[in-house]
Amino acid sequence: MGHLPPTFSPEVVLPIAIARPHEVAAYRSALAGDLDRWLQRRWRFLAPRIAPGVLALLGMVGVLASMDLMASRCRLDGARGGTVYLVSDAPAQR
């Protein structure tokens, strides 16, 4: 292999040529194909993540709604003269 010029040695990586059309219709077709491939790659990334994301969002909304519901019930009990107890782990002060 020492007798080959450096251009033809197996270690050299040659650049890849890409043919692009010159006509407007062909250019639009190539652009549409590029856009389609780009969208397919993004969809393959997002598709398995959509269902867990939606479930997490619904869970967060459920937790926030239950907090609001519990807070409104506490306010209603307090307005009717109900007793509110404060529970603490700290020892009582004398």
Side-chain angles (χ1 to χ4, degrees):
M1 285 277 168
H3 64 281
L4 291 175
T7 308
F8 297 107
S9 67
E11 293 87 23
V12 174
V13 178
L14 298 175
I16 298 172
I18 299 174
R20 292 286 180 188
H22 293 289
E23 296 84 23
V24 175
Y27 182 73
R28 286 183 185 156
S29 175
L31 191 60
D34 288 343
L35 178 64
D36 185 49
R37 283 188 295 277
W38 183 82
L39 288 172
Q40 284 178 0
R41 276 189 237 122
R42 296 306 174 267
W43 179 249
R44 276 192 303 250
F45 175 78
L46 288 175
R49 292 162 176 82
I50 289 175
V54 168
L55 289 175
L57 181 66
L58 288 175
M60 181 185 70
V61 168
V63 167
L64 293 176
S66 67
M67 288 174 47
D68 188 41
L69 178 67
M70 296 301 283
S72 67
R73 287 194 179 183
C74 270
R75 281 192 296 265
L76 289 176
D77 288 344
R80 284 187 279 176
T83 306
V84 177
Y85 296 99
L86 177 63
V87 179
S88 175
D89 291 338
Q93 295 180 355
R94 295 182 186 187

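Every value quoted in this text rests on a predicted model; they were computed, and no experiment measured them. Nothing fancy with the numbering, it's 1 onward along the sequence. Because only heavy atoms are used, hydrogens play no part in the values below, and waters and symmetry mates are left out as well, while side chains stay in.
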(request) For Asp34, check salt bridge (charged side-chain N to carboxylate O under 4.0 Å, His left out) against everything at least two apart and list the hits. (result)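 For Asp34 the salt bridge (charged side-chain N to carboxylate O under 4.0 Å, His left out) partners, ignoring immediate neighbours, are Arg20, Arg37.
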
(request) State the CG-CZ distance between Asp36 and Arg41, to the nearest 0.5 angstrom. (result)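 It comes to 10.0 Å.
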
(message) Let me confirm one number: the CG-CE distance from Leu55 to Met60, rounded to the nearest 0.5 Å.
(response)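 Reported value, rounded in 0.5 Å steps: 13.0 Å.
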
(request) Please list, chain by chain and in numerical order, all residues satisfying side chain to side chain contact (heavy atoms under 4.5 Å, CB included) with Ile50, sequence neighbours excluded. (result)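 Applying side chain to side chain contact (heavy atoms under 4.5 Å, CB included) to Ile50 gives Trp43, Val54.
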
(request) Please identify each residue that fulfils side-chain hydrogen bond (donor to acceptor under 3.5 Å, both in side chains) with Arg42, with sequence neighbours left out. (result)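 Expected list: none.
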
